[in-house]
There are 2 protein chains.
Amino acid sequence: MIPKDEDDLLTRSRALCDAMENEDDWLKREVLTHAGNRWAFGVIHALKEGGRLRHAELRRRLGGVTQRMLTRTLRQLERDGLILRQDYEEVPPRVDYELTRLGEEFLLKIIPMWLWIFEHAEDFRQAREAYSTTASE
Amino acid sequence: MIPKDEDDLLTRSRALCDAMENEDDWLKREVLTHAGNRWAFGVIHALKEGGRLRHAELRRRLGGVTQRMLTRTLRQLERDGLILRQDYEEVPPRVDYELTRLGEEFLLKIIPMWLWIFEHAEDFRQAREAYSTTASE
DNA sequence: CAGGATCCAAGGGGATACTG
DNA sequence: CAGTATCCCCTTGGATCCTG
């Protein structure tokens, strides 16, 4: 189905594979980790929905994240230009985060992938089960 | 632009975020790592283009991967049902790998993300540079 | 040829305690 | 409140050597 779009995608991804060999490693390592990062997606999504959010508010929305991991995730996202950190330099401290345009685009790019993965969660479970049984015999 | 599609995406991703909280961790950890994995993408792409490929042929196509990492990547992809491993049980050993339907779909889902990242490589570089300068002052 | 065994460095992720 | 510091285990990724 949809052979035209698919071919187009593959053609472009072929060029992409060539480019990967020449690219520096940091792009794949630093930026791409966000895609597979457990918290990065939640942070970006929360900022898209909530606008400017503070550290504590983000923690509440994500549920289960420690300060350390939230801080680290935020730092990485900031470094890569996906979010903006604003420190009001008040006492008590007030800092909030907002999504950049780059961050918004990134969110829109990774949502389909996440959706697809969750839609196929059952397939993955079955594949894993089949693998365990064949591996044992 | 395209507010309708974007809203739709966000609505579905909101449900996704809720689902994530209930989901087991393995889905995020095990499956999602493939998306950001440097070699997983190359393997899947090579199999999409080359059909059934053997270990050595894959190594040649990927360039730079060690046997160990290639083997590990292949095992993981096999476990998650994205590729099929066939061992002909000959001497000398002959093993080849092919993409499953699930693997093909996965490739089509992650290509857009990789393309987008490479298209914005310059943005990321600039963001990183800006971050370093503001962080130092 | 395919890949296991071993050793290593770096990072992810979490728990807990402390601070300006 | 928004972090930092410390300690922990696990995985990733690579190098090197070995085997059926």
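Letters A, B, ... mirror the listed sequences (proteins, then strands); counts begin at 1.
When the P atom of C:dG12 is taken as reference, atom CG of A:Leu70 falls 15 Å away, rounded to whole Å. Rounding to whole angstrom units, CD of residue A:Glu57 and P of D:dC1 are separated by 11 Å. Rounded to whole angstrom, the span from the CZ atom of B:Arg75 across to the P atom of D:dT11 amounts to 17 Å. When the P atom of D:dG13 is taken as reference, atom CZ of B:Arg59 falls 16 Å away, rounded to whole Å. One atom, CG of A:Leu32, and another, P of D:dG13, lie 11 Å apart when rounded to the nearest Å. Distance CD (B:Gln86) to P (C:dA2): 14 Å, rounded to an integer number of Å. Atom pair A:Met69:CE and D:dT11:P shows a separation of 16 Å (rounding to whole Å applied). What separates CG of B:Asp87 from P of D:dG20 is a distance of 16 Å, to the nearest Å.
Contact annotation for A:Glu89: no contact, since no heavy-atom pair falls under 4.0 Å across all strands. B:Tyr97 comes within contact range of the sugar-phosphate backbone alone, with a heavy-atom separation under 4.0 Å but no base atom that close.
Side-chain atoms of A:Glu105 and B:His120 include a donor-acceptor pair closer than 3.5 Å. With 3.5 Å as the limit, one finds a donor-acceptor pair spanning the side chains of B:Tyr88 and B:Asp96. A donor-acceptor pair shorter than 3.5 Å cannot be found between the side chains of B:Gln86 and B:Arg94.
No donor-acceptor pair under 3.5 Å is formed between the side chain of A:Trp39 and the backbone N or O of A:Leu62.
When the side-chain nitrogen and oxygen atoms of B:Arg54 are compared with OP1 and OP2 of C:dA2, one or more of them lie within a distance under 4.0 Å. Taking side-chain N and O atoms only, B:Asn37 has a distance below 4.0 Å to OP1 or OP2 of D:dG13.
Between D:dA2, C:dG12, D:dG13, one nucleotide has an atom nearer to the side chain of A:His55 than all others, and that is D:dA2. For B:Pro93, counting side-chain heavy atoms from C-beta on, the closest listed nucleotide (D:dA2, C:dG14, D:dG20) is D:dG20. Of the candidates D:dG3, C:dC1, C:dA5, C:dA5 carries the atom nearest the B:Arg68 side chain, counting heavy atoms from C-beta on. Side-chain proximity of B:Gln67 to the nucleotides D:dT12, D:dG13, D:dC17 is greatest for D:dC17. Between C:dG20, C:dA15, C:dG13, one nucleotide has an atom nearer to the side chain of A:Thr66 than all others, and that is C:dA15. Considering only the side chain of A:Ala56, D:dA2 comes nearest among C:dG13, D:dA2, C:dT6. Out of C:dG13, D:dT12, D:dA2, the shortest distance to the side chain of A:Arg85 is found at D:dA2.
A salt bridge is defined here as a Lys NZ or Arg NE, NH1 or NH2 lying under 4.0 Å from an Asp or Glu carboxylate O, and B:Arg12 with A:Glu119 meets this definition.
Heavy-atom nearest nucleotides on DNA chain D were determined for B:Gly64 and for A:Thr71, and the one closer to the 5' end corresponds to A:Thr71.
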